[in-house]
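One structure below.
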Amino acid sequence: MTDLHRLSIRELSEGLAGAKFSSRELTEHYLKRIAKLDTQVKSYVTVTAEQALAQADAADAAIKAGTATALTGVPIAHKDIFCTQGIKTTAGSKMLDNFISPYDATVVAKGKAAGLVTLGKVNMDEFAMGSTSENSFYGATANPWNLGHVPGGSSGGSAAAVAADLAPFATGTDTGGSIRQPASFCGLTGLKPSYGRVSRFGMIAYASSLDQGGPMARSAEDCAYLMNVMAGHDAKDSTSVEKDVDDYVANLNGTAIQGLRIGIPKQYFNVAGLDADVKARVEESLKKLEEMGATLVEIDLNMTEAYVPTYYLIAPAEASSNLSRYDGVRYGYRAESPVDLMDLYKRSRSEGFGAEVQRRILIGTYALSAGYYDAYYVKAQKVRRLIQQDFLKAFESVDVIAAPAAPTTAYKIGANLSPVEMYLGDIYTIAVNLAGLPAINAPVGFDKDNLPVGLQLIGNYWSESQLLSVVHQYQQATDWHTKRAAIAEENA
Ligand code: GLN
């Protein structure tokens, strides 16, 4: 078969179970595509061909023996922020260019237990700080829809790999939009679960009160399969919640669109930088949901203006604390011939971290310093609570909240936006993390340059099933999620 990369996760699962093709054939097919096409897309930092083929053979044996799960033998790409035993985990940083984790992240371990085949580790903004994947030590990844544009970030490698059909699905992480915005830029479906739904053990920390892992794939159905593997309590992560998980696949039709109340925040559609095409596509998708039976309800989210300043205090503050562990002593990059311990610390950190990471460490350290802690950090925490309350109030009258995932489509590579311009691009995603809510991106069309546009739906706590179900039914009624970038059409 030459078009294995066109199959959905359900089709792959059924094809493997029915012996239409083997996991080895499927894995070889993807490895060939990566070898041929990733020189252009540059989504992988590390390809683990040998290990993947060994896992594929083990999967084929399990399928024959009747011990397979629904996903045994299906390939996956992991964001290079998830620790993988024996395989380099870089977080897109020179600091960890030589880091080989002695253990697997829980998400990776669960994937292995489910029989997934790891194709490799994919690119990202350094320590997940960024919105373009250009902040990676390994260079920029290209957007499969237009190789001169960015795939978004920080999970840009995950998004580009899936959009170019170089992996059937991928893991991502989202601290302030890093699953939803690249999914939007690359025409994919991506789910940021509620804070605590997915274990963060072995997921390299950026901002610990905001970080959350989740699935990135072509459709809500594909995401549901991966959520079934990723979700759940983990004794190794005290922030993971002890709460039963849903069967996300079984619940794909579980939410009625008829009567679903979708909140449309007035403030979101009046944002100065909102691109006219993005606005139009999002409004068309909402009209479609209305035709399917949903009710659109105008709502207020009065704290919208506070999102960017609040997030850009709290996230750097936590980052400055988390990243203090990279000291050049225990592991990671170490500067050559230090004259003393201070020189070792200073040079290891200034040589090992890139510019954006250093900027955030400086901002965060400043915001946490004795004289400014109350004025900045404590104030931001109070505003954070108000943002959360704003959402909870909205959920008294609506079931989900609609928004663009990003104010624009994918930027050009090298567009060189100022830090503040770049941060303003996160306006629609960061409040969800500040509040700890789940949210999903679904592709809903294209702008005038044929770049994908995404609709974001934000749900109340633990409503992942509902979000996947709404998007699944929208995808049954439309075909935006089936569109492929030209490079994905190519065969290897
Ligand atoms: N773009 C945002 C930032 O740079 C979000 C990144 C993320 O979710 N990891 O902080």
Side-chain angles (χ1 to χ4, degrees), residues 79-82 91-93 122-136 141 150-159 170-185 190-195 198 200 203-216 273 307-323 353-364 367 380 384 404-408 410-411 415 417-441 454 456 458:
K79 183 174 181 178
D80 210 9
I81 199 166
F82 288 102
S93 183
V122 281
N123 202 19
M124 54 181 284
D125 283 301
E126 184 176 8
F127 288 104
M129 298 176 197
S131 307
T132 65
S133 299
E134 290 168 296
N135 294 340
S136 171
T141 294
V150 302
S154 66
S155 312
S158 307
T171 51
T173 63
D174 191 312
T175 303
S178 281
I179 287 176
R180 293 160 286 156
Q181 183 258 25
S184 174
F185 280 12
L191 174 70
K192 182 262 171 208
S194 310
Y195 185 76
V198 171
R200 302 186 305 128
M203 190 178 110
I204 292 174
Y206 161 13
S208 302
S209 77
L210 303 162
D211 297 341
Q212 184 63 202
M216 300 175 72
Y307 294 173
V308 174
T310 306
Y311 174 88
Y312 277 99
L313 275 166
I314 291 175
E318 294 184 13
S320 72
S321 165
N322 273 326
L323 272 59
F353 290 137
E356 183 61 25
V357 170
Q358 294 193 28
R359 176 179 295 118
R360 306 237 183 153
I361 292 173
L362 289 172
I363 294 171
R384 177 180 191 170
T408 66
Y411 318 111
L417 302 187
S418 73
V420 171
E421 284 172 312
M422 194 63 92
Y423 300 167
L424 285 170
D426 295 333
I427 177 100
Y428 294 121
T429 47
I430 51 190
V432 164
N433 303 73
L434 289 168
L437 294 165
I440 195 165
N441 177 75
Q456 179 183 201
I458 304 165

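Index from 1, following the sequence. Start at 1 and go down the list; that is how both ligands and their atoms are numbered.
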request  = Not counting sequence neighbours, which residues clear salt bridge (Lys or Arg N to Asp or Glu O under 4.0 Å) with Glu318? List them please.
outcome  = none

request  = Could you pull out the closest heavy-atom pair between Gly130 and Ser178, with the gap in Å?
outcome  = O-OG, 4.2 Å

key: Flag, side chain of Ser133 to backbone of Gly152, donor-acceptor distance under 3.5 Å   = yes

key: Main-chain N/O of Asn135 paired to Glu356 side chain as donor or acceptor, under 3.5 Å   = no

query = Can you say whether the rings of Tyr423 and Tyr312 are parallel (under 30°), tilted (30 to 60°) or perpendicular (over 60°)?
reply = parallel

note = Contacts for ligand 1, heavy atom under 4.0 Å, by chain and number, are Ala128, Met129, Gly130, Ser131, Ser154, Asp174, Thr175, Gly176, Gly177, Ser178, Tyr206, Tyr311, Tyr312, Arg360, Asp426

request  = Kindly give the heavy-atom pair with the smallest separation between Phe353 and Ser93, and that separation in Å.
outcome  = CD2-OG, 4.5 Å

